[in-house]
Novice: 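Mind having a look at this structure? Questions to follow.
Every value quoted in this text rests on a predicted model; they were computed, and no experiment measured them.
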Amino acid sequence: MRIAFAMLLSLAATACGRGGGATNENAVPPVADDGTPANTLPTPAAAPGTAVTGMPTEPPAPSATVPAVEAPAAEATPTDATAVASTDATTDPNALPTPVDAGVATDTDATAAAMTPPATTPTTAPAATSAPTVTLADASAASSVVNQYMAALGANAPARAQALWATTPNDSSVLQIARGTTFNVAVGSPAADASGRVTVPVDVRGKADDGSDRHVQAAYTLQRTPAGAWRIYSATTRDATP
């Protein structure tokens, strides 16, 4: 306002000079005294509460809504099995590293399991039981017992014949023929088996109780007794064509 007022005064003085006749062109127009000290620059005016540049001099009022402050990201926990093992070992020197995914089988585990033979429990083989060896002399001794038995039947000596058995006689068809007046006996070659027994075949021919011819083929099985003697244990018989 002061600047504008001074300019108006200057213009009025100039107009008056021009209208009053000749003036000095080099004359300096008088400056109005507005109470401002000399050699002082004019101060720009500004609206109350604002700077000359138009910017507010007071900070704006805080907003009712406070923006949320994002929390810093949590530090990632190491999942590497080596890092976990090393941390545990530092904390507890006696701690063992925890295996990762211990319950899940991997391809390497499956390959190792396939290549590893299953564990077997050692078993003790039973002691081999060797069968008694039957020599030619033993087979001949067993065959001799059958010859003695047939001789006892032919001599009508049932007690002597019974003594040559280790069990009850089961050759009833042969005994029936032996009750006749005469019968023929042919003793075959003895044969030994893996159990140490000897089988002696016998061919018996004679008369049946009704007088008809009868032909019986028998096989006597002999075995050593605990005392070592050969005795008859069983017999199989079958009727053959007379």
Side-chain angles (χ1 to χ4, degrees), residues 102-103 105-242:
T106 62
D107 293 340
T108 304
D109 296 336
T111 304
M115 296 177 61
T116 303
T120 56
T121 303
T123 56
T124 303
T129 303
S130 57
T133 303
V134 179
T135 63
L136 292 177
D138 294 334
S140 178
S143 180
S144 176
V145 171
V146 174
N147 281 308
Q148 295 175 25
Y149 176 66
M150 293 301 167
L153 292 179
N156 198 17
R160 190 174 63 183
Q162 175 66 39
L164 298 174
W165 279 76
T167 60
T168 302
N170 64 338
D171 57 343
S172 58
S173 59
V174 174
L175 294 177
Q176 183 181 8
I177 296 176
R179 288 198 298 264
T181 54
T182 59
F183 67 95
N184 298 322
V185 176
V187 178
S189 300
D193 59 18
S195 63
R197 296 177 181 179
V198 176
T199 301
V200 180
V202 177
D203 191 90
V204 181
R205 294 174 182 271
K207 295 291 185 181
D209 292 340
D210 59 359
S212 62
D213 294 334
R214 191 171 183 187
H215 182 196
V216 175
Q217 292 179 339
Y220 291 89
T221 301
L222 298 91
Q223 188 173 351
R224 288 184 184 275
T225 63
W230 287 99
R231 290 292 181 267
I232 303 172
Y233 274 79
S234 64
T236 58
T237 61
R238 72 180 184 86
D239 286 326
T241 302

Novice: Can any side-chain N or O of H215 pair as donor or acceptor with the backbone N or O of T241 at less than 3.5 Å?
Specialist: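 Yes.
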
Novice: Calculate, to the nearest 0.5 Å, the distance between atoms CG and OG1 belonging to N170 and T236 respectively.
Specialist: 8.5 Å

Novice: Which heavy atom of L222 sits nearest a heavy atom of A142, and at what distance?
Specialist: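 Heavy atoms of L222 and A142 come nearest at CD2-O, 3.3 Å.
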
Novice: Of all heavy-atom pairs between A141 and W230, which one has the smallest distance, and what is that distance?
Specialist: CB-CD1, 3.9 Å

Novice: Starting at CD of Q223, measure out to OG of S195 and round the result to the nearest 0.5 Å.
Specialist: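 Rounded to the nearest 0.5 Å, the CD-OG separation comes out at 6.5 Å.
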
Novice: Find out whether P169 and Q162 are in side-chain contact, i.e. whether some heavy atom of one side chain is under 4.5 Å from a heavy atom of the other.
Specialist: yes

Novice: Could you tell me whether the side chain of W165 reaches within less than 4.5 Å of the side chain of D171, counting heavy atoms only?
Specialist: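 Result yes, sub-4.5 Å side-chain heavy-atom pair found.
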
Novice: Would you give the length of the straight line joining atom CG of D138 to atom OG1 of T133, rounded to the nearest 0.5 angstrom?
Specialist: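 The distance works out to 9.0 Å.
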
Novice: Identify the residue among I177, V204, D209 that makes a side-chain contact (heavy atoms from CB on, under 4.5 Å) with R214.
Specialist: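 Answer after filtering I177, V204, D209: I177.
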
Novice: Does one side chain, of Q148 or R160, offer a donor that lies under 3.5 Å from an acceptor on the other?
Specialist: no

Novice: Minimum heavy-atom separation for A178 and L153, please, with both atom names.
Specialist: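 Nearest pair, atom of A178 first, then L153: CB-CB, 4.0 Å.
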
Novice: Looking at every non-hydrogen atom in both residues, tell me the closest pair between V200 and G188 and how far apart they are.
Specialist: CG1-O, 4.0 Å

Novice: Would you say the side chain of V187 lies within less than 4.5 Å of the side chain of S143, judging by non-hydrogen atoms?
Specialist: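 A side-chain contact exists here, since the closest heavy-atom pair is under 4.5 Å.
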
Novice: I need the minimum non-hydrogen distance between V174 and A218, along with the two atoms involved.
Specialist: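 Taking every non-hydrogen atom into account, CG2-CB, 4.1 Å.
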
Novice: Between N147 and S144, do the side chains contain an N or O donor and an N or O acceptor separated by less than 3.5 Å?
Specialist: no

Novice: Would V202 and M150 count as a side chain to side chain contact (heavy atoms under 4.5 Å, CB included) here? Give the steps.
Specialist: CA-CA 9 Å; V202 177; M150 293 301 167; 3.7 Å; yes

Novice: Can you check whether Y233's main-chain N or O pairs, donor with acceptor, with T167's side chain at less than 3.5 Å?
Specialist: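 Side chain of T167 to backbone of Y233: a pair is present.
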
Novice: So, Y220 versus Y149, ring centres under 6.0 angstrom or not?
Specialist: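 Between Y149 and Y220, which both carry aromatic rings, the centre distance is below 6.0 Å.
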
Novice: So which atom in S189 and which in P201 form the shortest heavy-atom distance, rounded to 0.1 Å?
Specialist: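 Closest heavy-atom pair between S189 and P201: O-CD, 3.3 Å.
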
Novice: Would you check if the side chain of D203 reaches a backbone N or O of Q217 as a donor-acceptor pair within less than 3.5 Å?
Specialist: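 It does not hold such a pair.
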
Novice: Are R205 and D213 close enough for a salt bridge, meaning some N to O gap below 4.0 Å?
Specialist: no

Novice: Go through V198 and T221 one step at a time and tell me if the side chain to side chain contact (heavy atoms under 4.5 Å, CB included) criterion holds.
Specialist: CA-CA 6 Å; V198 176; T221 301; over 6 Å; no

Novice: Counting neighbours of CZ on R197 that are heavy atoms of other residues, nucleotides or ligands and sit closer than 6.0 Å, is the number greater than 12?
Specialist: no

